[in-house]
Number of protein chains: 2
Amino acid sequence: MVDVKDISASGRRVPITDEPHDARRLYAIGDLASEFGVSPRAIRFYEDHGLLAPRRIGGNRVYSLRERARLQLILRGKRLGFALADIKELLDLYDVDRDHLEQLRATLSKGRARIAELERQQQEIALTLRELREIGAHIEDTIRRKEARRSSAGRKGAS
Amino acid sequence: MVDVKDISASGRRVPITDEPHDARRLYAIGDLASEFGVSPRAIRFYEDHGLLAPRRIGGNRVYSLRERARLQLILRGKRLGFALADIKELLDLYDVDRDHLEQLRATLSKGRARIAELERQQQEIALTLRELREIGAHIEDTIRRKEARRSSAGRKGAS
DNA sequence: GGAGGACCTTACGTTAACGTCAGATGGTTG
DNA sequence: CAACCATCTGACGTTAACGTAAGGTCCTCC
């Protein structure tokens with residue numbers, strides 16, 4: 001019925017190609033869901049909000065490698081704490097409209113803002129890491145002293 | 001009525017000390033709110049969830065420098081995309097119970113997990129930054145070409 | 001041919017993190 | 001003393017990001 005060989009027009013689990021990442025490989029929603037550890041519901045949710053736009057074969061969603069990459073970017077953005085609306089903007093940066101000049105300028109400016117934000121985030125992470133490592137060192141120190149005291153002193157400072 | 005001189009037991013806007021960050025300085029909720037650009041409601045919310053525990057003077061919340069620092073940590077954590085529950089754990093790392101050994105070990109382990117997570121986040125930010133900078137360079141390039149073409153060619157490629 | 005899977009849509013439920021509003025208190029100021 | 005802040009405590013409203021359940025379609029396999 002479908003011209004794309006017999007890729008799961010029904011939602012079958014069988015991928016169209018065996019080569020793991022042929023550029024023409026197609027994915028069902030369940031493939032991506034299990035690969036990235038998210039629910040199909042979440043993926044559909046991203047689509048509802050304009051972050052993904054898979055093709056359809058007989059009602060079923062079919063994802064190309066490009067859509068897969070977009071999903072990866074979405075999940076990375078989430079791990080960085082961005083809201084979906086922000087991630088959508090970020091995705092728009094990735095496929096630029098190379099034709100119109102004003103668009104390009106706008107995209108560039110948004111990109112720079114995003115870069116600045118990420119750099120600030122980077123600073124704050126670095127700061128937090130320094131603090132945590134220092135705390136960790138102190139704790140290790142304290143632990144070592146307690147262990148030493150426990151093993152050396154047999155009995156003398158009761159209680 | 002209150003022994004702490006006359007700090008806003010009423011919620012007055014007057015800080016107890018002029019020295020900007022005397023260790024004994026006290027803050028009203030409005031002070032911290034306006035200083036950090038968050039609402040008093042948010043600050044109370046953090047308290048309701050155990051992230052802050054200010055003293056009280058006549059019903060009003062009074063924040064020490066330590067509480068102020070904790071609030072800063074909360075907000076930093078938020079900017080890094082952490083949930084309040086996670087931030088609470090992080091705060092607990094900062095004031096360790098130096099007495100009990102098992103507690104120390106647990107804290108240390110939690111700290112290490114948090115460090116690992118931050119490092120992973122750092123990697124992902126670095127990756128995103130590389131990508132965004134590359135895209136930015138391409139866009140700048142495209143813009144330069146378009147501008148060059150526009151200024152040089154007077155008329156010949158109509159439409 | 002009927003049971004089982006993967007997928008679909010629609011719709012209501014849920015959690016986190018506050019916003020917003022109402023009504024009350026208490027100190028300060030003209 | 002009246003008006004005005006800043007603050008307080010509920011309590012309900014809101015948004016984001018899904019979870020979950022219901023009911024239906026379309027293969028495939030025994």
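Residue numbering restarts at 1 for every chain, and letters A, B, ... go by the order of the sequence lines. Basis for what follows: all heavy atoms, side chains included, without hydrogens, waters or symmetry-related copies. These numbers were taken from a predicted model, which means no experiment stands behind them.
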Output for pair (B:L80 CG, B:L75 CG), nearest 0.5 Å, gives 11.0 Å
**Prompt:** Does the side chain of A:Y63 reach to within under 4.5 Å of the side chain of A:I43, using non-hydrogen atoms?
**Reply:** yes
Taking A:R44 first and then A:D48, would you say they form a salt bridge - that is, a charged N and a carboxylate O separated by under 4.0 Å? no
When rounded to whole Å, the CG to P distance for the pair A:D31 and C:dA6 reads 11 Å
Within residues 77-87 of chain B, those residues having any heavy atom closer than 4.0 Å to DNA chain C are B:K78, B:A83, B:L84
In whole angstroms, the gap separating P of C:dC18 from CZ of B:F45 amounts to 6 Å
When rounded to whole Å, the CG to P distance for the pair B:L32 and D:dT7 reads 10 Å
Under a 4.0 Å threshold between the charged nitrogen and the carboxylate oxygen, would B:K110 count as salt-bridged to B:D92?
no
Notebook entry, point to check: Is B:R114 close to B:D86 at the side-chain level, that is, under 4.5 Å between some pair of heavy atoms?
Noted result: yes
Sorted by chain and number, sequence neighbours left out, ring pair (Phe, Tyr, Trp, His ring centres under 6.0 Å) with B:H49 holds for B:F45
Pairs under 3.5 Å (N/O, protein and nucleotides 23-25 of chain D):
none

Rounded to 10°, the helix from C:dG1-D:dC30 to C:dG30-D:dC1 deviates from straight, judged by its five-pair end axes, by 10°
B:D48 atom CG is separated from C:dC18 atom P, nearest whole Å, by 12 Å
Output for pair (A:Q121 CD, B:Q121 CD), nearest 0.5 Å, gives 6.0 Å
When rounded to whole Å, the CG to P distance for the pair A:N60 and D:dC26 reads 11 Å
Contact check, residues 37-44 of chain B vs DNA chain C, heavy-atom distance under 4.0 Å, returns B:S39, B:R41, B:A42
- Task: Step by step, work out the salt bridge (charged side-chain N to carboxylate O under 4.0 Å, His left out) result for A:E47 and A:R56.
- Result: CA-CA 13 Å; A:E47 178 179 350; A:R56 299 290 186 129; 3.4 Å; yes
In residues 127-135 of chain B, what donor-acceptor pairs under 3.5 Å come from side-chain atoms, sequence neighbours left out?
from, atom 1, to, atom 2, distance (Å)
B:T128, OG1, A:R76, NH1, 3.0
B:T128, OG1, B:E124, O, 2.8
B:E131, OE1, A:R76, NH1, 3.2
B:E131, OE1, A:Y94, OH, 2.3
B:E131, OE2, A:R76, NH2, 3.1
B:R133, NH2, A:E119, OE2, 2.6

Next on the checklist: Can you tell whether the side chains of A:R68 and A:D31 come within less than 4.0 Å, N to carboxylate O?
Outcome noted: no
Taken to the nearest whole Å, CD/B:E47 to P/C:dC18 is 15 Å
query = Does some side-chain heavy atom of A:L104 sit less than 4.5 Å from a side-chain heavy atom of B:K146?
reply = yes
The reported gap from CZ in A:R41 to CD1 in A:I29 (rounded to nearest 0.5 angstrom) is 10.0 Å
### Query
Is any side-chain nitrogen or oxygen of A:R61 closer than 4.0 Å to OP1 or OP2 of C:dC8?
yes
For A:I74 and A:I87 the tightest heavy-atom approach is O-CD1, 3.5 Å
| Counting only side-chain N and O atoms of A:Y46, is one of them less than 4.0 Å from OP1 or OP2 of D:dC18? | yes
**Report entry** Salt bridge A:R105-A:E102, side-chain N to carboxylate O under 4.0 Å
**Finding:** yes
To the nearest angstrom, the CD1-C1' distance between A:I74 and D:dA16 comes to 15 Å
